[in-house]
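Note that the structure is a prediction, hence the values are computed from the model and not measured. Below, chain A is the first sequence line, B the second, and so on; all start at residue 1.
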Amino acid sequence: MAKKVMVQTVINNDDTTFVCETRQTLLEVLRDELGMTGTKEGCGNGNCGACNVMLDGVLVNSCLVLAVEAEGRTVTTIEGVAEAEGLHPIQQAFLEHAALQCGICTPGFIISSKALLEQNPNPSEHDVRLWLAGNLCRCTGYDKIVRAVLDVASAGQAKAGA
Amino acid sequence: MAVTEKAMHATNGHTSPPASKPADGYTIIGSRPVRPDGVDKVTGRAIYGADVRLQGLLYGKVLRSPHAHARILSIDTSKAEALPGVKAVVTGADLPTAADKVEDLGESAINLKYLSANILAHDKALYHGHAIAAVAAVDSHTAEEAIGFIEVKYEVLPPVMTVDDAMADNAPILLDGLRTDEMGEMGSKPTNLAKHFRHQQGDLAAGFAAAEVVVERTFRTETVHQGYIEPHTGTAQYNTDGQVTIWASTQGTFAVRNQTSEILRIPVSQIKVIPTEIGGGFGGKINVYLEPVAVLLSKKAGGKPVKLVMSRTEVLQATGPTSGSNIRIKIGADANGKITAAHAELYYEAGAFPGSPVGAAANVVLAPYAIDNLQVDGYDIVVNRPRSAAYRAPGGTNAAYATESVLNEIAEKLGIDQAHIRLINGAKQGDRRPDGVQHTEPIGLLETVQAIAESDHYNTPLTGKYQGRGIACGYWNNWGGKSSATAVLNADGTVSLNEASTDIGGSRASIAMQFAEAVGIGYEQVKPRVGDTDSVAYNDVTGGSRTTFSTGMAAHNMGVEMLSQMKERLADVWEVDAVEYADGEFSGGDNHISFQEAAALIYKTGEPLMVSSTVFPRSFGPGFSTQLADVEVDPETGKVTILRYTIAQDVGRAIHPSYVEGQMQGGVVQGIGWALNEEYIYNEKGQLLNGSLLDYRMPTALDLPMIETILVEVPYPGHPYGVRGVGEVNIVPPAGAIANAVANAIGSRMFELPMSPARVLEAMKE
Ligand code: FES
Ligand code: FES
């Protein structure tokens with residue numbers, strides 16, 4: 001049995017302490033140790049984005065982060081995206097645009113889109129496509145996903161202008 | 001010269017969701033409500049295969065063959081078993097002897113012996129990644145370590161990787177017992193050719209003799225994978241009373257039950273399969289890989305549940321894919337462009353066991369066109385690659401790629417517009433498919449060609465030197481299949497709809513919508529759920545584009561039946577002869593009540609109301625699609641960029657147009673990947689070199705423009721709402737359309753998929 005390490009983090013605004021092996025990824029700990037299975041594994045090596053989370057506000061593939069690296073840091077996962085009042089506008093837009101079919105890629109896309117709009121609230125279609133190139137979706141052909149993200153951005157612009 | 005952002009066709013401005021309004025004459029159908037499972041899927045609450053968590057859960061790993069072709073001399077598992085934390089180890093020796101008979105347990109028939117040998121190799125490893133043994137341990141790292149301690153002795157044999165290898169004289173033989181089924185006659189010699197069949201109509205020689213032009217070409221297409229983002233999983237518990245529970249991410253819970261039952265020789269009554277959400281399938285989640293292994297491990301581990309999850313590399317090495325193929329097409333046409341004769345020869349690689357989709361390909365290959373004189377020869381060939389699985393319109397993309405390429409060459413030679421030659425030859429009601437099946441009902445091929453010819457896209461000229469435009473048509477048979485469902489009237493006027501078609505792309509919505517339409521209640525009043533194998537009668541897989549069609553038909557039937565039972569019940573309560581129902585209101589005598597009030601009254605005054613429906617439609621409407629691609633080729637790198645892409649598809653009736661568009665867009669993008677990038681790359685030893693999503697390159701958002709959709713509705717008369725399957729035909733034309741566009745752009749034609757940059761550069765030198 002490999003030696004275990006205690007890690008203190010803040011996950012979705014909650015102080016969270018867990019014990020893990022040093023070889024475990026953040027993705028594995030979120031899913032298998034903490035039961036937060038909203039973050040998905042599509043490849044395990046950084047190629048699909050299904051495991052996207054925010055680490056100290058930066059978009060990462062949690063399959064490429066060791067759980068011990070989360071020590072003292074804040075993590076946002078898909079479980080932390082919805083607001084107390086209801087769904088986040090990006091989540092709502094994905095539903096209204098039918099931007100998901102099987103939905104396995106959706107948590108990663110939502111986290112990634114959120115990260116994009118936080119740093120670039122008014123992206124062009126090309127900006128969206130470039131940013132989301134790290135997230136694979138095999139079902140939708142991306143059309144409705146890109147529209148959903150652009151819709152949230154333009155709604156945000158309308159609000160900012162109002 | 002990189003293609004600029006501006007050159008790609010933009011979003012046509014709209015980013016807000018399209019208006020959700022019902023089609024003419026309907027109250028629900030044609031609107032675009034949010035799917036019932038939507039909130040769970042955008043919040044991460046939905047439980048997929050790998051998300052299943054159970055008390056005392058063990059984690060499994062599979063040991064896989066490093067060789068493409070090898071005899072297994074011995075397997076020693078003792079060191080693995082001795083590792084602390086290991087609870088069970090199994091090999092092929094733990095499988096019961098399978099019957100040597102062919103059964104259809106999913107979407108296609110397979111010999112049970114082969115099905116069993118694909119789960120855990122019996123005496124031979126037949127492809128790189130073939131499962132050899134499996135371990136269950138307290139955690140996945142321990143299981144991973146343990147498989148490293150399993151010692152396997154192999155006698156490595158020469159790999160047989162392609163049609164040409166397999167058909168060569170003195171080719172190494174994969175399966176000792178295999179004999180050729182030569183048009184119904186069984187051969188006597190060992191072989192890698194499992195089957196040769198033929199479809200024939202008219203007089204081929206006379207047809208070619210009447211031709212003004214004849215073009216004959218040979219094409220090669222590589223193995224490609226379905227590429228679903230959720231890897232395969234399988235979780236099972238073997239209870240001490242012999243009852244087995246399986247949690248499966250599958251296109252068909254009953255298909256999992258049947259296959260597991262046959263492989264493990266456990267009666268179906270002892271197996272319950274519980275569906276999880278499924279992260280994509282496209283045909284690749286019909287065959288079982290892990291579930292029977294998880295059952296065996298659980299049994300050996302004293303009944304603890306065991307979960308197996310594949311890595312992406314395992315998915316690529318050992319699941320799916322669809323066949324690589326060699327295809328020869330010869331078409332003759334008269335001076336007006338009318339096809340006088342066509343001959344297609346389809347050589348499909350089945351992978352390690354017989355059963356490539358060449359049968360379906362033979363129906364697709366010439367199907368968009370009315371051809372009096374034709375012959376199609378199909379060959380099913382085993383090679384040292386994974387057993388091929390269905391992939392969206394199985395076999396159709398490669399076949400149509402070849403036909404559509406040759407048809408464009410004929411059009412060019414005769415100076416006929418590429419849309420026009422398709423209008424001249426397009427099949428109509430009354431025409432026959434290559435296998436002789438007649439289109440007795442209306443079909444929409446010509447309407448889709450017309451829609452493309454009239455589109456803004458087709459009527460907007462290209463603007464650059466290295467730009468090209470291509471059209472292609474495609475056909476898919478679709479399917480009916482068996483569906484079962486129940487509907488319970490709740491006291492509050494809602495309806496619980498229990499069905500068993502696993503929902504991969506919004507089918508809970510399309511089924512609930514058909515029920516709501518039949519009953520005349522709101523979509524939100526219908527609560528659909530996908531039940532397990534103990535909750536409804538047998539239900540075929542979500543495949544063959546059948547779910548919205550067949551399960552929707554069951555939903556419609558239940559709606560009609562529920563209304564009629566409600567009327568009878570109200571007639572009894574009100575003591576009147578007849579009760580009418582219109583605009584959401586029941587009336588009889590002086591009584592007028594809403595649906596909701598009626599539900600409450602029925603609940604109070606008698607037994608609960610529940611209806612069920614089981615259906616098995618033998619006929620169904622085929623799908624046709626015509627597609628238009630604009631590409632730009634970078635002359636320095638050979639990279640092909642899709643500038644603009646338009647799909648016209650006959651969808652019968654779009655129940656939920658957003659999900660219909662989504663199917664069309666998704667299928668086309670898979671086809672774009674197939675055409676331009678995706679392929680299995682093996683070394684000379686038959687080992688897969690590109691077993692990751694970095695090296696097996698599927699399209700990203702950045703590789704694509706918006707995908708424009710034109711929904712052509714030629715309702716299918718055999719369905720209450722005119723539904724045709726919409727999921728598959730969209731992937732049939734893309735490779736042909738793009739090949740025609742690339743040929744148009746570079747002025748020379750390519751005969752191999754994918755049209756990857758290196759191959760395009762090569763073609764440009766010619
Ligand atoms: S699972 Fe992390 S990028 Fe694919
Ligand atoms: S919706 Fe299935 S992978 Fe994106």
Side-chain angles (χ1 to χ4, degrees), chain A residues 1-2 21 23-24 28 31-32 35-48 50 77-79 81-82 87 91 93-98 100-107 110 124-126 128-130 132-147 150-151 154, chain B residues 5 10-11 14-17 32 34-35 37-39 41-48 50-51 53 84-85 139-141 226-231 277-282 309 311-312 504-506 656 658-659 661-663 665-670 692-694 698-702 704 706-707:
Chain A
M1 281 281 133
E21 297 177 20
R23 65 184 171 183
Q24 287 185 287
E28 188 184 342
R31 293 179 49 83
D32 292 346
M36 299 173 71
T37 56
T39 305
K40 304 301 181 191
E41 176 165 348
C43 69
N45 50 17
N47 295 322
C48 77
T77 71
I78 185 67
E79 288 91 347
V81 171
L87 295 179
Q91 293 172 314
F94 269 62
L95 292 181
E96 285 167 8
H97 282 266
L100 55 145
Q101 284 177 36
C102 79
I104 195 83
C105 67
T106 308
I110 287 174
S124 66
E125 179 186 338
H126 183 78
V128 173
R129 290 184 178 278
L130 179 61
L132 293 180
N135 291 80
L136 291 176
C137 173
R138 191 60 157 173
C139 299
T140 64
Y142 306 101
D143 183 299
K144 293 180 190 304
I145 294 174
V146 173
R147 286 183 203 276
L150 289 171
D151 190 15
S154 61
Chain B
E5 179 188 342
T11 56
H14 85 82
T15 57
S16 52
R32 301 169 186 250
V34 168
R35 61 200 282 173
D37 50 323
V39 169
K41 286 183 175 162
V42 298
T43 54
R45 283 181 208 126
I47 300 298
Y48 291 81
D51 304 338
R53 293 165 59 79
D139 62 57
S140 58
H141 297 282
Q226 293 79 350
Y228 29 79
I229 302 301
E230 178 197 36
E277 295 301 328
I278 165 172
F282 314 111
V309 179
S311 69
R312 178 55 56 177
I504 317 183
H656 191 307
S658 296
Y659 287 109
E661 293 157 7
Q663 287 294 323
Q665 292 163 333
V668 160
V669 168
Q670 286 182 313
S692 79
L693 292 181
L694 184 65
M698 306 196 296
T700 72
L702 190 59
L704 299 160
M706 292 296 181
I707 307 292

Q.
Between Arg129(A) and Thr700(B), is there a side-chain heavy-atom distance shorter than 4.5 Å?
A. no
Original post:
Taking the side chain as C-beta and beyond, is there a heavy-atom pair between Gln91(A) and Thr43(B) under 4.5 Å?
Top reply: yes
Heavy-atom donor-acceptor pair, Arg312(B) side chain to Gly42(A) backbone, under 3.5 Å: yes
So, the part of Ile110(A) with a heavy atom under 4.5 Å from chain B: the answer is side chain
If you tally heavy-atom pairs under 4.5 Å between each of Leu100(A), Asn135(A), Thr106(A), Val81(A) and chain B, the highest tally belongs to Leu100(A)
Honestly, the part of Ser154(A) sitting under 4.5 Å from a heavy atom of chain B is side chain
Interatomic distance, CD1@Ile104(A) vs CD1@Ile504(B), rounded to 0.5 Å, equals 12.0 Å
Looking only at Ile229(B), Asp37(B), Val309(B), Leu693(B), most heavy-atom pairs under 4.5 Å shared with chain A are made by Ile229(B)
When the 4.5 angstrom heavy-atom criterion is applied to Gln670(B) and chain A, the contacting part is both
In terms of heavy-atom contacts, Thr37(A) and Ile47(B) come closest through OG1-CD1, 4.1 Å
*Under 3.5 Å: donor-acceptor pair, side chain of Tyr142(A), backbone of Pro699(B)*: yes
For Asp151(A) and Pro17(B) the tightest heavy-atom approach is OD2-CD, 3.2 Å
One should read off an interatomic distance between Glu230(B) CD and Cys48(A) SG, to the nearest 0.5 angstrom, of 11.5 Å
Nearest heavy-atom approach of Arg31(A) to Ala50(B) is NH2-O, 3.0 Å
All heavy atoms of Ile78(A) vs all of Val42(B), minimum pair found to be CD1-O, 3.3 Å
- Message: Quick test of your reading of the model: are Asp32(A) and Arg53(B) salt-bridged, counting only N-O distances below 4.0 Å?
- Response: no
Could you go through Met706(B) and Glu125(A), starting from their C-alpha distance and side-chain angles, then the distance that decides it, and tell me whether this counts as side chain to side chain contact (heavy atoms under 4.5 Å, CB included)? CA-CA 10 Å; Met706(B) 292 296 181; Glu125(A) 179 186 338; 3.8 Å; yes
The interface call for Ile278(B) against chain A, heavy-atom contacts under 4.5 Å, is backbone
What I'd like to find out is whether the side chain of Ser692(B) reaches to under 4.5 Å of the side chain of Asn47(A), using heavy atoms alone.
yes
Quiz item: Does some side-chain heavy atom of Cys139(A) sit less than 4.5 Å from a side-chain heavy atom of Phe282(B)?
Solution: yes
Residues Cys102(A) and Gly279(B): closest non-hydrogen pair is SG-C, 3.4 Å
### Message
The test is side chain to side chain contact (heavy atoms under 4.5 Å, CB included); show your working for His126(A) and Leu702(B) and say whether it passes.
### Response
CA-CA 7 Å; His126(A) 183 78; Leu702(B) 190 59; 3.8 Å; yes
When the 4.5 angstrom heavy-atom criterion is applied to Glu41(A) and chain B, the contacting part is backbone
Glu661(B) bridged to Lys144(A) by N-O distance under 4.0 Å
yes
Scored by heavy-atom pairs under 4.5 Å with chain A, the best of Gly666(B), Gly38(B), Ala46(B) is Gly666(B)
As a quick check of understanding, evaluate side chain to side chain contact (heavy atoms under 4.5 Å, CB included) for Gln665(B) and Thr140(A), giving each step before the final call. CA-CA 6 Å; Gln665(B) 292 163 333; Thr140(A) 64; over 6 Å; no
Closest heavy-atom pair, Ala98(A) versus Ser658(B), reported as atoms and distance to 0.1 Å, is CB-CB, 3.7 Å
Cut-off 4.5 Å, heavy atoms of chain B, and the answer for Leu130(A) is both
- prompt: Would you call Gln101(A) and Gln663(B) a side-chain contact if the rule is heavy atoms closer than 4.5 Å?
  reply: yes
**OP:** For residues His141(B) and Glu28(A), determine if any side-chain heavy atom of one lies less than 4.5 Å from a side-chain heavy atom of the other.
**Re:** yes
**Prompt:** Does Gln226(B) reach the side chain of Arg138(A), with side-chain heavy atoms less than 4.5 Å apart?
**Reply:** no
